[in-house]
Amino acid sequence: MLSTAPIRLVEADAGHLPVLLPLVQAFYDHFAYPFDGGRKRELLQQFLADRNAGRLWLIEIDAIPRGYLLLAFSFSLELDGRIAFVDELYIAPEGRQRGAGAEALRQLEAACQDLELRALRLETEASNERAHALYLRSGYRDPDRQLLTKPLG
């Protein structure tokens, strides 16, 4: 737990999977991404068991889980060490428009300081103007680079 505010991050563990999986499915449904619940459960269990992979938090609003944030660790020689990538950040519609995204990012950045991370990276859908605006307001900048991805299987 990182805060006692009405919006807080609660570090997830395998016991949170029954609450977490419906939120993950809602995120995937929102963007029309393919979702295989069994596979996502396996991947989340694997991720949660490996503290070197990153961290996963539930985003609680008024003590009710309304979203989640998955942070994956990486390393950058250019950025002087261990960095992290916000792989997924989701807040359910009923939790939006309350400053939850900005507060979750603020708490995330505090946790990243404690984890001695050198930088945070994230991405958003090009069409997701609200999320893009939130990230810019929160201090994220476009480094004028393109993120390219090649699936390997």
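Quick note: numbers below take in every heavy atom, side chains included, and nothing from hydrogens, waters or symmetry partners. Counting from 1, the numbers follow the sequence of the chain as shown.
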Just by distance, do the side chain of Arg137 and the backbone of His132 share a donor-acceptor pair under 3.5 Å?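 A pair under 3.5 Å: no.
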
Plane angle bin for Phe27 and Tyr90 - parallel if under 30°, tilted between 30 and 60°, otherwise perpendicular: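 Rings of Tyr90 and Phe27: perpendicular, over 60°.
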
Could you check if a side-chain atom of [X] sits within less than 4.5 angstrom of a side-chain atom of [Y], using non-hydrogen atoms only?
{"X": "Leu58", "Y": "Leu69", "answer": "no"}
{"X": "Leu48", "Y": "Leu56", "answer": "yes"}
{"X": "Ile59", "Y": "Ile91", "answer": "yes"}
{"X": "Leu108", "Y": "Trp57", "answer": "yes"}
{"X": "Leu134", "Y": "Leu105", "answer": "yes"}
{"X": "Leu120", "Y": "Phe85", "answer": "no"}

Measure across [X] and [Y] and return the closest heavy-atom pair with its distance rounded to 0.1 Å.
{"X": "Leu9", "Y": "Gln107", "value": "N-OE1, 3.0 Å"}
{"X": "Pro18", "Y": "Ala14", "value": "CD-O, 4.4 Å"}
{"X": "Gly37", "Y": "Leu21", "value": "O-CD2, 4.3 Å"}
{"X": "Cys112", "Y": "Leu71", "value": "SG-CD2, 3.7 Å"}
{"X": "Tyr135", "Y": "Leu122", "value": "CD1-CD1, 3.4 Å"}
{"X": "Pro22", "Y": "Leu17", "value": "CD-O, 4.3 Å"}

Can you tell me how far apart [atom1] ([X]) and [atom2] ([Y]) are? Round to the nearest 0.5 Å.
{"X": "Arg121", "Y": "Ser74", "atom1": "CZ", "atom2": "OG", "result": "7.5 Å"}
{"X": "Asp36", "Y": "Gln25", "atom1": "CG", "atom2": "CD", "result": "10.5 Å"}
{"X": "Ser138", "Y": "Glu109", "atom1": "OG", "atom2": "CD", "result": "6.5 Å"}

Any chance you could lay out the salt bridge (Lys or Arg N to Asp or Glu O under 4.0 Å) test for Glu11 and Arg55, step after step, and finish with the verdict? CA-CA 7 Å; Glu11 192 166 344; Arg55 299 291 186 274; 3.7 Å; yes

Which ILVMFWY residues can you reach from Leu79 by hopping between side chains whose heavy atoms are under 4.5 Å apart?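 When side chains under 4.5 Å apart are linked, the cluster holding Leu79 also contains Ile83.
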
According to a 4.5 Å side-chain heavy-atom criterion applied to Ile, Leu, Val, Met, Phe, Trp and Tyr, with indirect links allowed, do [X] and [Y] form part of one hydrophobic cluster?
{"X": "Leu20", "Y": "Phe47", "answer": "yes"}
{"X": "Val19", "Y": "Tyr68", "answer": "yes"}
{"X": "Leu23", "Y": "Phe35", "answer": "yes"}
{"X": "Leu43", "Y": "Val86", "answer": "no"}
{"X": "Leu147", "Y": "Phe75", "answer": "no"}

Under 3.5 Å, is there a donor-acceptor pair between the Glu88 and Tyr28 side chains?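 Yes - a donor-acceptor pair under 3.5 Å links their side chains.
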
Candidate pair Arg39 and Glu42, rule salt bridge (Lys or Arg N to Asp or Glu O under 4.0 Å), full reasoning: CA-CA 5 Å; Arg39 179 68 177 141; Glu42 288 173 19; 3.3 Å; yes

Assess the residue pair Ile64 and Glu60 against the criterion (side chain to side chain contact (heavy atoms under 4.5 Å, CB included)); give the C-alpha distance rounded to whole Å, side-chain angles, the decisive distance to 0.1 Å, and a yes or no. CA-CA 5 Å; Ile64 299 170; Glu60 287 189 351; over 6 Å; no

Tell me, yes or no, whether the heavy-atom count around Arg41 atom CZ, taken from other residues, nucleotides or ligands under 6.0 Å, exceeds 12.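 More than 12 within 6.0 Å, yes.
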
Is the number of heavy atoms from other residues, nucleotides or ligands under 6.0 Å of Arg130 CZ greater than 12?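 No, CZ of Arg130 has 12 or fewer neighbouring heavy atoms, counting only those of other groups under 6.0 Å.
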
Taking only residues two or more places apart in sequence or in another chain, which ones pass ring-ring contact (aromatic ring centres under 6.0 Å, His included) with Phe73?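 With sequence neighbours excluded, Phe73 shows a ring-ring contact (aromatic ring centres under 6.0 Å, His included) to no residue whatsoever.
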
With salt bridge (Lys or Arg N to Asp or Glu O under 4.0 Å) as the criterion, how do Arg145 and Glu123 come out once you've worked through the C-alpha distance, each side chain's angles and the decisive distance to 0.1 Å? CA-CA 12 Å; Arg145 296 182 182 188; Glu123 67 178 337; over 6 Å; no

Verdict with reasoning, Arg66 to Glu94, per salt bridge (Lys or Arg N to Asp or Glu O under 4.0 Å): CA-CA 8 Å; Arg66 298 286 189 199; Glu94 60 272 17; 3.3 Å; yes

